[in-house]
Asker: 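One structure, as structure tokens, below. Some questions next.
Values in this document were obtained by computation on a predicted structure and should not be read as measured data. Numbering of ligands and ligand atoms starts at 1, following listing order.
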Amino acid sequence: MTELTAHSSEQDAESGAERAAARVRDGATKAFYLKTFGCQMNVYDSESMMDALAADGYVATDAIEAADLVILNTCHIREKAAEKVYSDLGRIRDIKSERRKAGKGTVITVAGCVAQAEGAEIVRRQPAVDLVVGPQSYHKLGDLISRAAASKTSIIETEFATPEKFETLPDKPRKAGSPSAFLTVQEGCDKFCTFCVVPYTRGQEFSRPVAQILSEARRLTDGGACEITLLGQNVNAYHGAASDGAQLSLAGLVTELAKIDGLQRIRYMTSHPRDMDDDLIAAHRDIPQMMPYLHLPVQSGSDAVLAAMNRKHTAREYIDLIARVRAARPDIALSSDFIVGFPGETDADFEATMALVREVQFAQSFSFKYSTRSGTPAAALENQVPEDVKSHRLLTLQALLENQQVAFNAAAVGRTLPVLFERTGREPGTLVGRTPYLQLIHADGSPSLVGKTVPVTVTAYRQMSLTGSVDTVIAAA
Ligand code: 5AD
Ligand code: SF4
């Protein structure tokens with residue numbers, strides 16, 4: 001999944017922000033600052049937390065020095081992501097002591113996967129932290145914050161209670177009016193890839209019931225969403241209970257979602273090759289709302305490395321699967337995650353990854369150096385790959401992946417594609433949207449086109465984005 005940081009500034013821009021800020025200055029309302037690390041699941045969880053805090057009377061602030069409550073929603077997937085949290089916490093501790101001198105309290109909260117994985121260790125490394133709360137306990141957040149504010153000792157809450165979390169968190173449109181929304185349908189993972197912390201931080205696979213998802217999707221579309229991305233660590237392992245007691249696969253769920261008026265685009269991520277069943281592949285052919293984009297991580301092209309990673313498929317099986325997906329939807333854009341330098345990876349193994357990439361041709365990809373995560377089986381392997389070898393392989397792989405991304409974008413030039421405009425651009429009169437293939441595209445046009453899908457002719461490309469032109473009659477609409 002893409003790594004990104006988001007914080008509460010978008011909320012701040014919403015109506016009433018000025019009044020709320022005045023109430024904070026008067027001391028009548030409490031302000032929170034929230035920073036999100038990691039994947040889209042964390043972005044979704046952060047939005048839920050913001051909704052719950054707003055319901056408790058908190059307002060979002062961009063100014064961390066003005067925050068009565070600071071929340072870091074953290075990521076544990078690689079060492080770099082986890083260590084960043086501790087450097088941020090050092091800075092926040094200093095702000096907390098400055099505020100204390102002014103007679104103001106600050107509740108420092110660490111949420112997310114570092115919280116789940118490291119628990120009390122966080123408070124040992126940074127005693128200024130008041131509350132550590134894992135992703136399965138966000139429904140208790142308000143109560144935990146009150147207790148942490150009143151208590152002299154830190155509170156650690158890392159229970160696993162996924163069903164209650166989804167039943168209790170406010171189920172309402174987030175960021176009303178946003179044309180593109182995330183919806184978590186599945187959480188956790190039972191695959192136990194030997195490099196990965198997710199089965200330990202997010203727990204066992206859990207699928208939300210169908211009715212709960214459909215009602216949240218309807219609320220999102222009523223609030224202006226025309227695109228929904230279904231999220232899950234292993235989203236295509238989805239097997240949720242329908243009202244009639246039957247179990248629906250992801251294909252079944254997508255079929256139900258496609259009946260919702262106004263829902264024009266359905267996406268999903270992240271998938272595992274072993275859960276890519278025939279029905280889901282057929283849905284790419286048969287359901288018009290299914291976007292022609294598939295993020296299907298392969299991690300490596302070497303059978304020996306795939307086996308050591310416990311991926312439970314071979315490189316050939318992955319390539320054959322891709323052929324079946326392309327037979328169903330020939331124009332589909334493919335994306336993947338790769339890890340280089342997994343313990344024991346030889347030059348020949350790495351070459352096999354390069355060969356797989358050349359054969360498949362990806363539109364977009366995410367690639368990482370293997371990062372040792374304590375507690376995972378791969379961490380105990382002896383034949384770790386030296387850092388300089390990992391770095392060299394990463395650069396080599398990324399050069400190839402970048403070429404493929406550029407080629408994919410270049411092929412769009414001259415085509416007219418339906419673009420969903422998501423927001424206005426930085427310059428007045430500009431818009432930013434996405435093609436069906438998830439390419440970011442910039443074009444000139446009236447702000448009234450935000451939330452609309454219009455034909456756009458692609459005029460230029462870069463590695464990460466396209467430029468296009470909207471028909472002049474539509475652009476002025
Ligand atoms: N080291 C490097 N990359 C990792 N990923 C997961 N765990 C690790 C690790 N220990 C990558 C995988 C996964 C993506 C979300 O992060 O490629 O698909
Ligand atoms: Fe991690 Fe593997 Fe599960 Fe993906 S499938 S979340 S890589 S254990």
Asker: Indicate yes or no: does an N/O atom of Phe195 lie under 3.5 Å from an N/O atom of ligand 1?
Answerer: yes

Asker: Is the shortest heavy-atom distance from the side chain of Val456 to the side chain of Leu417 under 4.5 Å?
Answerer: no

Asker: Which heavy atom of Ala412 sits nearest to which heavy atom of Gln439, and what is that distance?
Answerer: CB-NE2, 4.1 Å

Asker: Of all the atoms in ligand 2, which lie at a distance below 4.0 Å from a heavy atom belonging to Arg311?
Answerer: 2 (Fe), 7 (S)

Asker: One residue to check: Thr270. Relative to ligand 2, which of side chain, backbone, both or neither has a non-hydrogen atom less than 4.0 Å away?
Answerer: neither

Asker: What atoms in ligand 2 come closer than 4.0 Å to a heavy atom of Asn234?
Answerer: 3 (Fe), 5 (S)

Asker: Is it true that the NZ or CZ of Arg373 lies under 6.0 Å from the centre of Phe195's six-membered ring and within 45 degrees of the ring axis?
Answerer: no

Asker: List every atom of ligand 2 that sits less than 4.0 Å from any heavy atom of His272, numbering the atoms from 1 in the order shown and giving each element.
Answerer: 5 (S)

Asker: Restricting to N/O/S atoms, is Cys189 within less than 2.8 Å of atom 1 (Fe) of ligand 2 or not?
Answerer: no

Asker: Below a 4.0 angstrom heavy-atom separation, can you tell me which part of Pro199, side chain or backbone, both or neither, approaches ligand 2?
Answerer: side chain

Asker: Salt-bridged, Glu216 to Arg219, with N to O below 4.0 Å?
Answerer: no

Asker: Has ligand 1 got any nitrogen or oxygen that is less than 3.5 angstrom from a nitrogen or oxygen of Gln299?
Answerer: yes

Asker: Atom 18 (O) of ligand 1: which of Asp337, Thr194, Ile339, Val298 has the nearest heavy atom?
Answerer: Asp337

Asker: By the definition side-chain contact (heavy atoms from CB on, under 4.5 Å), identify the one residue from Val114, Ile122, Leu89, Thr109 that meets it with Leu72.
Answerer: Leu89

Asker: Would you indicate which of His76, Arg78, Lys80 comes nearest to atom 11 (C) of ligand 1 when only heavy atoms are counted?
Answerer: Arg78

Asker: Carefully, step by step, assess Tyr293 and Tyr268 under the rule ring pair (Phe, Tyr, Trp, His ring centres under 6.0 Å).
Answerer: CA-CA 9 Å; Tyr293 182 93; Tyr268 60 97; 9.3 Å; no

Asker: Starting from atom 1 (Fe) of ligand 2, locate the nearest protein heavy atom and write down its residue, its atom name and how far away it is, to 0.1 Å.
Answerer: Cys196 SG, 2.3 Å

Asker: Look at atom 8 (S) of ligand 2 and say which protein heavy atom is nearest, naming residue and atom and giving the distance to 0.1 Å.
Answerer: Cys193 N, 3.3 Å

Asker: With heavy-atom distances below 4.0 Å as the criterion, list the atoms of ligand 2 near Phe195.
Answerer: 7 (S)

Asker: So is Arg202 close enough to ligand 2, meaning a heavy atom under 4.0 angstrom away?
Answerer: no

